[in-house]
There are 4 protein chains.
Amino acid sequence: MKLKDDTKVNLVFCATLKLILQVGVAGITMRQISREAKIATGTLYIYFKDKETLINALFEKCRASAIDIYFKGYNETDPFEKGFNKIWNNMLSYRIEHFDQAVFLDQCYHSPFITETAKEMNKRVLQPLMRLIERGKEENLLKDEDTFLLLTFMIGSVHELIKYLRYTGRKLNNVITDAAYKICWDGIKR
Amino acid sequence: MKLKDDTKVNLVFCATLKLILQVGVAGITMRQISREAKIATGTLYIYFKDKETLINALFEKCRASAIDIYFKGYNETDPFEKGFNKIWNNMLSYRIEHFDQAVFLDQCYHSPFITETAKEMNKRVLQPLMRLIERGKEENLLKDEDTFLLLTFMIGSVHELIKYLRYTGRKLNNVITDAAYKICWDGIKR
Amino acid sequence: MKLKDDTKVNLVFCATLKLILQVGVAGITMRQISREAKIATGTLYIYFKDKETLINALFEKCRASAIDIYFKGYNETDPFEKGFNKIWNNMLSYRIEHFDQAVFLDQCYHSPFITETAKEMNKRVLQPLMRLIERGKEENLLKDEDTFLLLTFMIGSVHELIKYLRYTGRKLNNVITDAAYKICWDGIKR
Amino acid sequence: MKLKDDTKVNLVFCATLKLILQVGVAGITMRQISREAKIATGTLYIYFKDKETLINALFEKCRASAIDIYFKGYNETDPFEKGFNKIWNNMLSYRIEHFDQAVFLDQCYHSPFITETAKEMNKRVLQPLMRLIERGKEENLLKDEDTFLLLTFMIGSVHELIKYLRYTGRKLNNVITDAAYKICWDGIKR
DNA sequence: CATGAATGAGCGTTCATTCAT
DNA sequence: TATGAATGAACGCTCATTCAT
């Protein structure tokens, strides 16, 4: 994978995400990607060894992008719940504003394209979030349950809110956001 | 005269579910299914007009099976939380005991195979669950939020618990179940 | 090939001819034939070893039927041209009244289904027609050219008339028939 | 960069015509064509969208080629019969020298592959021949019958001669040609 | 580096034929 | 005898990938 032309890689990523929204991660073909990115099929193979490599690279990029956004404006010195709320809202923002990425990441867990190593890396990425939950437990603000279980529900609450919005076709507003956040917080708080 | 063999349909369903666990709903081929079911490829087309029909029939069967199990032993005259807990545990049981079905149903929402009408039918299926949540709200036991939002989190809490178990490799036990149920209940209760 | 149930064989032949008119001899399937004849696919194989056998049997039947009709009402003691005209008109009648058979016979010459032996048999069938032409030559009524060449044009003139009718969509009438017959006769007469 | 190879289209056409001679237009498969043309199956689909397109393109090419040859050396200022004879001989030459094309064109009229529009185009192609016959009628050299009927027999006489040659296995020579031409001419002349 | 023609394995599906009933 | 379910080879076509330019 040669990275000389960074813009071309981005072009390919954008094209791929756009197509995944339309036909799903399993439905895309290399030809579609190259057409959407306005390059030749062969060129794809200059930048990515094969389809699996391309998808995994995109996965990596999206994962990194997600983490960046999750912790944007988060200040460890702030009181716990303020930080927790910040991150929860960041998660929500990411899934709204980068809807295509979020859809892709979700589909990846069902996809045979994502290698186990990529999934392993994802685990490491959860570390900062795990520490957040640990802090909440140490400050006796969260239930004294398995950290990862609590984190699962925190992340899950955002996912469920998104599902709810898609299913009902409703637009996000403060009332809904607040309700969903309260459900999450009431669920995991001590 | 050889008659159409009803057990063969089940054979095909089992084979398909097994394969979906391995390669995802989008990755399965008719050849794989026939091999797994130990029948000829052509035989598949005696029982199902085409691949789409097969997948939709399986979807229908799994959906029906899920609903059956969700409400098993549920008694409307019982106090609300007893019934709610019963159904929550039924959902969990279904997703543990029919893990392959649950994975398939989840993937279907991303799949272009499932027709829109099938999705519509699914909506109708949620009606009894919606009524359950309504009852909780009427009895002032649940938060006064949108019924479907609450239901989303109820179902989501089961999904998240399963994800947690898969991710950590842990086996289900009463401690974990109780913790997860409490998170759900605390989240949506008034 | 068992012939116990003669009506069933005829049922199959009729069904086959009907289908050939619609989809051509190369387009028919054994399934289509059995459905059209309202019997099971397997039953076809009781009466005919395989598809090729069925088609060849039908070919044989149509050929025989054609010859029967060609010489109907022909009297060797009549003057030559009267007899010639009779047979020419019989040929025309056959191709009009048994249009489906004629279409099938025509297609057979392009079809890989018709075995070489069947084609050989067809040659023998031309013998009576050859003798007719010979007689015309002996009576100095026809050109002194190769007998088979003259016969070819006699048969050909009927075929061309039919083509003309199909192409133009015109219905047969005495004016057209007489014109076509005259062209044929003027062409081969001395 | 490899460019689309125009000779490859011809390679495919030749292979297809060769196969049609052997198994008929309805019997050919894309695999056979690609093998005969010594290219990969997929390559066929670079040059032709699908089988129907390939066959129709070949039809178009053969039709054009036929018309070119029919009128080669024809001079409208020549006396009618000289021109008529020229074209009759051209038709014969075409069907001898491009026997495979002629067989294909004949089969096309029975084939479901040839679209109706292609057939329509063929009609237009007969126009110059129709005008030829009209001229013969105006000069009182041909029978005063329907133009298309006369044309049918003119074309038919060539077809019948070819059939005769195939059937008898005889080689074309001046004696046979002259006899056949005389039959045609005597048939349609006034 | 970039192109898109070329490849052939593999897809969903249909077919002639066989076989258990 | 008659049935139609079962078979697996073969169909038209698409795909990820390679390669000549």
Side-chain angles (χ1 to χ4, degrees), chain A residues 2 4-5 8 26-35 38-55 113, chain B residues 1-6 8 26-35 37-55 113, chain C residues 2 4-5 8 27-35 37-55 113, chain D residues 1-6 8 26-35 37-55 113:
Chain A
K2 288 159 197 175
K4 191 146 189 198
D5 192 347
K8 202 157 283 178
I28 41 165
T29 69
M30 292 301 260
R31 176 100 76 94
Q32 281 177 313
I33 294 173
S34 63
R35 263 217 270 268
K38 294 193 168 77
I39 59 173
T41 328
T43 312
L44 279 179
Y45 288 85
I46 294 169
Y47 292 90
F48 305 98
K49 191 172 78 61
D50 54 22
K51 193 179 176 179
E52 190 180 327
T53 306
L54 191 161
I55 299 291
F113 285 115
Chain B
M1 190 186 76
K2 224 182 283 176
L3 282 173
K4 260 193 199 177
D5 186 352
D6 249 16
K8 203 154 285 179
I28 43 166
T29 70
M30 293 301 261
R31 175 94 75 89
Q32 282 176 315
I33 294 173
S34 63
R35 263 216 273 268
K38 292 189 170 75
I39 61 175
T41 329
T43 310
L44 281 178
Y45 289 85
I46 295 169
Y47 292 89
F48 306 96
K49 192 174 75 59
D50 54 21
K51 191 180 175 179
E52 189 180 328
T53 306
L54 190 160
I55 299 291
F113 285 116
Chain C
K2 286 158 197 174
K4 192 150 191 192
D5 192 346
K8 201 158 283 180
I28 43 167
T29 70
M30 294 300 262
R31 175 101 74 95
Q32 281 177 313
I33 294 173
S34 62
R35 262 217 271 266
K38 292 190 169 82
I39 60 173
T41 329
T43 312
L44 279 180
Y45 288 84
I46 295 168
Y47 292 89
F48 305 98
K49 190 172 78 58
D50 54 21
K51 194 181 178 180
E52 190 180 327
T53 306
L54 190 160
I55 298 290
F113 284 118
Chain D
M1 190 185 75
K2 227 182 280 177
L3 280 172
K4 262 195 199 175
D5 187 352
D6 248 16
K8 204 155 281 178
I28 42 164
T29 70
M30 293 301 260
R31 175 93 78 90
Q32 282 176 314
I33 294 173
S34 64
R35 263 216 272 267
K38 292 189 169 75
I39 59 174
T41 329
T43 309
L44 282 179
Y45 291 85
I46 294 170
Y47 292 89
F48 305 98
K49 192 173 74 62
D50 53 22
K51 192 181 176 180
E52 190 180 327
T53 305
L54 190 161
I55 299 292
F113 285 116

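Chain naming here is simple, since letters A, B, ... match the order of the sequence lines and numbering starts at 1 in each.
For A:I33 and F:dT17, the CD1 to P distance is 11 Å, given to the nearest whole Å. Taking atom CG of C:L44 as the reference point, atom P of E:dC19 lies 17 Å away to the nearest angstrom. Atom NZ in A:K51 sits roughly 15 Å away from atom P in E:dG10 (whole-Å rounding). With rounding to whole Å, C:R35 atom CZ is found 12 Å from E:dA16 atom P. Distance CE (A:M30) to P (F:dT18): 10 Å, rounded to an integer number of Å.
If you check every strand for non-hydrogen atoms under 4.0 Å, D:F48 touches nothing. Across all strands shown, A:T41 has heavy atoms under 4.0 Å from base atoms, whether or not it also approaches the sugar-phosphate. At a threshold of 4.0 angstrom between heavy atoms, the contacts of C:I28 are confined to the sugar-phosphate backbone, with no base atom among them.
Picking from E:dT13, E:dA5, F:dA2 the nucleotide with the shortest atom distance to the side chain of D:K4 gives E:dA5. For B:T29, counting side-chain heavy atoms from C-beta on, the closest listed nucleotide (E:dG12, F:dA6, E:dA6) is E:dG12. Of the candidates E:dT3, F:dC13, E:dT13, the closest approach to any side-chain atom of A:I39 belongs to E:dT3. Distance from the side chain of C:A40 is smallest for F:dT3 among the nucleotides E:dA16, F:dT3, E:dC1. When distances run from any side-chain atom of B:I46 to the nucleotides F:dA6, E:dA5, F:dG12, the shortest one goes to F:dA6. Which of E:dA16, F:dC13, E:dT3 sits closest to the side chain of D:Y45 comes down to F:dC13. The side chain of D:D50 has F:dC13 as its nearest neighbour among F:dC13, F:dT3, E:dA5.
Both C:Q32 and D:T43 lie near DNA chain E, and the one whose nearest nucleotide falls closer to the 5' end is D:T43. Both A:R31 and D:R31 lie close to DNA chain F; mapped to their nearest nucleotides by heavy-atom distance, the more 5′-ward contact belongs to D:R31. Where C:G42 and D:K38 each meet DNA chain E at their nearest nucleotide, the meeting point lying more 5' is that of D:K38.
With hydrogens and angles disregarded, no donor-acceptor distance shorter than 3.5 Å links the side chain of D:K8 to the backbone of D:I39. Proximity of a side-chain donor or acceptor of D:Y47 to a complementary backbone N or O of D:D5 within less than 3.5 Å is detected. Remark: the backbone N or O of C:L54 is not paired with any side-chain donor or acceptor of C:K49 at under 3.5 angstrom.
Rounding to the nearest 0.5 angstrom, the gap separating the CD1 atom in C:I33 from the CD1 atom in C:I55 is 5.5 Å. The distance from atom CE of B:M30 to atom CG of B:L44, rounded to the nearest 0.5 Å, is 5.0 Å.
Taking 4.0 angstrom as the limit, B:K8 places a side-chain polar atom (N or O) nearer than this to OP1 or OP2 of F:dA6. Of the side-chain N and O atoms in D:K49, none sit less than 4.0 angstrom from OP1 or OP2 of F:dC13. In this structure, A:Y47 does not reach the E:dC1 phosphate: none of its side-chain N or O atoms is under 4.0 Å from OP1 or OP2.
Secondary-structure stems of DNA chain F, taken as three or more successive Watson-Crick or G-U wobble pairs (i with j, i+1 with j-1) under a 3.5 Å distance threshold, comprise E:2-21 with F:2-21.
The shortest heavy-atom contact between A:A26 and B:A26 is CB-CB, 2.9 Å.
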